[in-house]
Amino acid sequence: DDEILGLAELGAAAGIAYETSLNRAGLRICFRGVSQTLPSYVRRFCRRLVQHHVKLLDGSTKMADSVPSRASALANRSPQMTRAEKDFVANFVTRVSEREVGN
């Protein structure tokens with residue numbers, strides 16, 4: 001999403017990066033970098049992520065067209081997920097709505 005991408009670019013100047021992955025508990029976000037601004041960067045990142053979640057729920061924003069294919073690829077790369085879970089994700093993301101993503 002453009003909002004998160006903007007934050008990623010902001011962190012890059014300070015040497016901060018983030019990485020996401022899926023595990024059995026859900027989405028895992030890992031922040032990397034050594035900077036005095038890391039706590040404020042993480043706080044802003046999480047605040048924007050929550051705001052985006054709310055916008056998905058109320059229908060005021062749309063998913064990017066690339067989200068389903070990226071989510072499926074991310075699930076397929078996850079060593080913690082079983083083949084059945086990966087297949088479920090691949091089927092689900094192709095027909096999910098923004099509101100369902102928010103839930």
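Heads up: numbering here begins at 1 and tracks the sequence.
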Please give me the minimum heavy-atom distance between Thr61 and Leu56, naming the atom from each residue.
CG2-N, 3.7 Å
Taken to the nearest 0.5 Å, the spacing of Leu74 CG from Ser69 OG works out to 11.0 Å
With no hydrogens and no angle check, is any side-chain donor or acceptor of Lys86 less than 3.5 Å from a backbone partner on Asn76?
yes
Closest heavy-atom contact between Ala71 and Val89?
O-CG1, 4.1 Å
What class does the angle between the rings of Phe88 and Phe92 fall in, given that below 30° is parallel, 30 to 60° is tilted and above 60° is perpendicular?
parallel
Should we count CD of Glu19 as having more than 12 external heavy atoms under 6.0 Å?
yes
How far does NZ of Lys55 sit from CZ of Arg48, to the nearest 0.5 angstrom?
9.0 Å
With distance as the sole test, does Thr94 use its side chain to make a donor-acceptor pair with the main-chain N or O of Asn91 at under 3.5 Å?
yes
Parallel, tilted or perpendicular: rings of Phe31 and Tyr18 (30°, 60°):
tilted
To the nearest 0.5 Å, what is the distance between CG (Leu27) and CG (Leu49)?
7.0 Å
Assigning hydrophobic clusters by single linkage (Ile, Leu, Val, Met, Phe, Trp, Tyr; side-chain heavy-atom cutoff under 4.5 Å), is Ile29 placed with Met81?
yes
Leu57/His53 under side chain to side chain contact (heavy atoms under 4.5 Å, CB included): CA gap, chis, key distance, verdict
CA-CA 6 Å; Leu57 285 174; His53 175 82; 3.6 Å; yes
Could you give the distance from CZ (Arg32) to CD1 (Ile16), rounded to the nearest 0.5 Å?
12.0 Å
Just how far is it from atom OG of Ser72 to atom CZ of Arg77, taken to the nearest 0.5 Å?
10.0 Å
